[in-house]
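Right, one structure below, let's go through it.
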Amino acid sequence: MDFKHTEERVMLADSLRRTLTRGADWAALADLGVLGALFTEDEGGFGGNGFDIAVVFEELGRAGANAPVIEAGLAGGLLADCGQAERVEAVISGALKPALAYAEPGLRYDTGPITTSMDGGTISGRKSFVTNAEGCDLLLVTALDEAKPCLFAVDPADPGVTLHTTPALMGGSISEITFDRAKAEKLGSADTLDARIAAATLAVCAEALGAMETAKAMTLDYLRTRTQFGRPIGSFQALQHRMADVAIEIEMARSAVINLAGHLHDNGPTRDRHVSATKNLVGRTAHLVAEEAIQMHGGIAMTEEYALAPISRRLIAVDHRFGDEDWHLARFMRLSA
Amino acid sequence: MDFKHTEERVMLADSLRRTLTRGADWAALADLGVLGALFTEDEGGFGGNGFDIAVVFEELGRAGANAPVIEAGLAGGLLADCGQAERVEAVISGALKPALAYAEPGLRYDTGPITTSMDGGTISGRKSFVTNAEGCDLLLVTALDEAKPCLFAVDPADPGVTLHTTPALMGGSISEITFDRAKAEKLGSADTLDARIAAATLAVCAEALGAMETAKAMTLDYLRTRTQFGRPIGSFQALQHRMADVAIEIEMARSAVINLAGHLHDNGPTRDRHVSATKNLVGRTAHLVAEEAIQMHGGIAMTEEYALAPISRRLIAVDHRFGDEDWHLARFMRLSA
Amino acid sequence: MDLNYTPEDTAFREEVRDFLRDQLPAEIAGHVGDGESLTKAEYDLWHGRLNEKGWLAGAWPKAFGGQEWSAVQKHIFEEECALAHAPRIVPFGVAMLAPVLQAFGSKAQQDYYLPRILSGEDWWCQGYSEPGAGSDLASLKTRAVRDGDHYIVNGQKTWTTLGQFANRIFCLVRTDPDAKAQQGISFLLIDMDTPGIEVRPIILIDGVHEVNEVWFTDVKVPVENLVGEENKGWTYAKYLLTHERTGIAGVGFANAGLQALKRMAHSELQNGRPLIEDPLFAARLARIEIDLMAMATTNLRVVAAADGGKAPGAESSMLKVKGSILRQQINDLARRAIGPWAQPFVAEGLDDTNLYHPGPEYAARTTNTYLNNRKISIYGGSNEVQRGIITKAILGL
Amino acid sequence: MDLNYTPEDTAFREEVRDFLRDQLPAEIAGHVGDGESLTKAEYDLWHGRLNEKGWLAGAWPKAFGGQEWSAVQKHIFEEECALAHAPRIVPFGVAMLAPVLQAFGSKAQQDYYLPRILSGEDWWCQGYSEPGAGSDLASLKTRAVRDGDHYIVNGQKTWTTLGQFANRIFCLVRTDPDAKAQQGISFLLIDMDTPGIEVRPIILIDGVHEVNEVWFTDVKVPVENLVGEENKGWTYAKYLLTHERTGIAGVGFANAGLQALKRMAHSELQNGRPLIEDPLFAARLARIEIDLMAMATTNLRVVAAADGGKAPGAESSMLKVKGSILRQQINDLARRAIGPWAQPFVAEGLDDTNLYHPGPEYAARTTNTYLNNRKISIYGGSNEVQRGIITKAILGL
């Protein structure tokens, strides 16, 4: 048993943290190895383990970074599963930004049954909640081919593709996409979608952990420096004890992320039981941390100008990505039965 | 709209409170009109309204009284429903202490389907959770007569009646009773059981409200007088804010009791929706108040010698009488659909 | 004890309902229901229709043109307005300044300002809070120095709600810098057009421009704009803060929110079934509904006591805490109800290029409302301050 | 990062399991599992079997007859013992006094007392708490006045767990009444047979005689029973309080409790179906299980850090708070699980005439355990005190 990260991961985290403080573009992230860390050596990367993902995303979350790294891992991972080595190499080098369109309206957090389908080399249907599709180079789309969910590559510039894009609560963008006989290249089956979503869920949880650490640090700083009724507000015991509880819950969330990272490569049901346990706990904690950080700050935390605003939104958004607290609790119950 | 009790009720509550402080036996309670207040004029009493019940039981709960008044109302009410005017009169005068045996093992909080049944003037079966059967003068028993639940009067001294009695968490006694061809007098149908249990549930909730007020008063007193680290512990803000929350929740519980009292005589589904809303909320609140009272007191509240002990137990027991928090939540959901 | 309304109150409720049905424009109700910001024109229209009916200031004394509504009537009016998604009456003139003027203002002030509040000629905003002061109002720093027939005001106010629509602001200012804390504060009426006043928008976390900073640089205010006596402003401010607090629980908003939430939970599908059938979601909803039933009665108890002549004290604080938490829980559950549709974040103040939310209509501003209503446990004395008040009342420490 | 145990640790776990299977009497495990009080003879038997194996004091240094277990080994041992319903090793001699003697005691004290702890000849109890002191240990009043070769001890200790079984007590006493707070306190070893000592039972809310008051009236204690230096007792007490706190979360107990709870939820029927199928109940259970999975890992992180040489600080307090809350939630859910069977309240200390609980066996002491375990958020530094420690560590205020 060992709860220390390898030296390589510590180094990656450290340099990532330093770089993100200065602001890093996509090429800089690729250069740092952020993208390579998401893939195994077999896939052309140098990581791909649950703890690689946890380390990278905790730092991205801490910095409040909005780069489409989750999408690179999720769509890139599926490309790897389909043997698209060249495209994976391009993803890792930063040359190819992919996005994944798998969700459909009316399914809520479920991944199926989908209705988008392939017919004669084109796909038609509607996809929902596609994160960071705007500006991507390649759309990976799930669609039915003879009633079986498969993966297709679609050029986002194809005339059959229509995006309606808005800002996303967690930062970045989110699109509804209509495919109307869009030209599609079939890559293979979508059988590994659940495994890749498990990894992406870990990424969201680790990112949330980093964001919670930032919210905690900002709140502590505020409690120490802001005075009211002639005293720092952090000297008020009622706030102290609530802050202590927040700190405890964040430690538990850290352990939950570790649990999932350590079980990411277990068999499907064991893995998904951990996915749901961790996502449920992290969702609850992110919600608590956001609300308590806002309340303990008071008015200033309600303003867009103060740096906590996007972090609070991201912490609330956590619960809406890849299944919320209740969805995962229900799944955990099924998988524990 | 009027949230003031009638003068008669205020007087009854006042004299009851004074008498209970000195300690009151059964005859004294009857003399005070406590038992008469549970019955309508038609039934031979002078009350029977939800607010009569609420006023009486809040005082009994405040004083931590253990007299079998709920049983008198519950069994006595069923006697009234069956036209047993003489027996009701005896109940009101304090001459007859009845108990009701309706629950059966394995049914949890449900009242049926029961298996105890009548055959040739005797009943056989097993009844559970019969409160204050020990020392009662008359057992009212639900049993099947030609597959229909009916009410029977049984002499507790009948050789076919075996009690296994233990102390009850809420105070008083609780018995498992075996009926083995016990002689039984059929009184009528058990159709009004639900209505009478609704009234008894109001009684338990009002009693809990009184007990919460006592727990609150004791805790406030302790917070004011007990010093630690050189200050009254009530000067610690973390405890103050928790106590404020406790006070808020008790006010909400008071309103919930008022809601139920005001809707006790509505039609079945409306009445039971209020029964379940109130019992759910009061159960939650009683639990909160007991746990916070103990925690804020610290060690002394863990001892039997300190007067909070039976009150804490009673507050926890509330959740186990006539259906717990979840049972009532589920029923509320069904009745709201 | 009687949980039923009197026939008179019931008739009044019917009258309110009829009025709302006839007079409330559907478009405005739609905006309110969806949690959208209203324009000044929309507010003015609604205030005007209420004023025609004599209901803009129903709680005012008849001598000033009001109806002298009882607390119960006021409650009924607010409850029905909330359920019908009528705009909230902007309170700064009608419900906040007016009672102060009626109690402490000069005859001239009353005669001039009160009719202009009713007519909509004046839109007032509130200059209480200052940056760095938060719930600690007594620490305010904005200075007013007497200079002949004028005060010269310098300083900064913040959290000025709808200040962008206002032509007047009532301010707490410090007139005696040597007096401590609550002493030495005065209550001034200031014309927003006076040179030296600058209003700067504050964009909130949900992207809405709802509050403002108001900066004062050598602003000349005529001395006749002082309300009551100099250095007695704290008395008037406290009066204002404790006046008409029976609506503080927001029961009407909570009820309207719960109704909307139930509609969402019937529309949203999970595994092809309405979300309301999901036991975990239904349990969350039921618990809130049960709590709301109890809070509504607690609120009515306080309302009835107010009509019985009892000024609500710690009870207001209890209603503020519980009311804000319940409303926030309803907003939070609405966010859960819309599921992944909470992700598209369309915020006018942040990105005005793209205001169309792609989800169902009820989802469009659900997350924004959730975010925006985090304020209700912060403003008007945070819940922490309220718990302190409750503690004092029950603990006597 | 590696969540797996080393092969050595896994082998050790197997050895512990084998030992428990062979040596733990089923009757004792039954009593522990049902939450019943154990007799002194049962404790002595179990301590004896552990001592034979060398495991009564596995964490002691080898020089004193221990195994120098790593924190991980100690954790494995405690986890397996809890799951097997082995009695908790009574900590006062083995885990509390012994480390103090090993660090600060004289050679004579070590040679005399340590073997007697292992052999069971001495049963120690703890004389720290005093009435009116609670979590504020430094305010203690029991006086020890030097008189020739003796101290004369007067005062009162309370919450003395299993003091009724003890023949010795280690005490914090005030030797310098003029020194303030933590100064002037000494650490004394006292023979319970000394004249002037009286032990009075305290019956707890669940009806159990588990703790005691210990009264000292002119009790003569030889000066050689002083541990370390006079007036330095606070240093030793603090050492004791921070020593070996990795077990503080009670993960083993929580796991055992959760297993028992699941069995109950499979046995209890609701509407003819196992209770575990009730979605509200199942959701409560699942949330606790998820929390416990995270707490177990948090605990292991602290354990592993301890083996890496890092003394746990605020982490212990976090584990104490979260661990106590989770265990109490499990006890609370067990109470819910048994439903109406929580009503018969059979309590040995309150009514010894009628000790048979009429419900299923697992229900017999469920409510008593719920009540009894309210103590775990109070004793050993209440959760409020722990939150204060965490605040200091993170806020630096």
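This one's a predicted model, so the numbers in the text were calculated from it and none came from an experiment. The chains referred to below are lettered A, B, ... by the order of the sequence lines, with proteins before strands, and numbering in each begins at 1.
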Quiz item: Does CZ belonging to D:Arg88 count more than 12 external heavy atoms closer than 6.0 Å?
Solution: no

Quiz item: Are A:Arg9 and A:Phe51 in a cation-pi contact, defined as NZ or CZ under 6.0 Å from the six-membered ring centre and within 45° of the axis?
Solution: no

Practice problem: Taking the six-membered ring of A:Phe3 (Phe, Tyr or Trp), confirm whether the NZ or CZ of D:Arg301 is under 6.0 Å from its centre and within 45° of its axis. | Solution: no

Counting only heavy atoms closer than 4.5 Å, note whether [X] contacts chain A via side chain, backbone, both or neither.
X	result
D:Glu384	both
D:Ala304	side chain
D:Asp307	neither
D:Leu285	neither

Practice problem: For chain D, find which of A:Arg273, A:Met243, A:Glu325 contributes the most heavy-atom pairs closer than 4.5 angstrom. | Solution: A:Arg273

Exercise. Give, for atom OG1 of A:Thr40 and atom CG of A:Asn49, the distance between the pair rounded to the nearest 0.5 Å.
Key: 10.5 Å

Need one label for [X]: side chain, backbone, both or neither, based on atoms under 4.5 Å from any heavy atom in chain D.
X	value
A:Gln237	neither
A:Asn259	both
A:Arg254	both

Practice problem: Would you check if the distance from the ring center of D:Trp69 to the ring center of D:Phe77 is below 6.0 Å? | Solution: yes

Quiz item: Within the side chain of D:Gln67, is there an N or O that forms a donor-acceptor pair under 3.5 Å with the backbone of D:Gly54?
Solution: yes

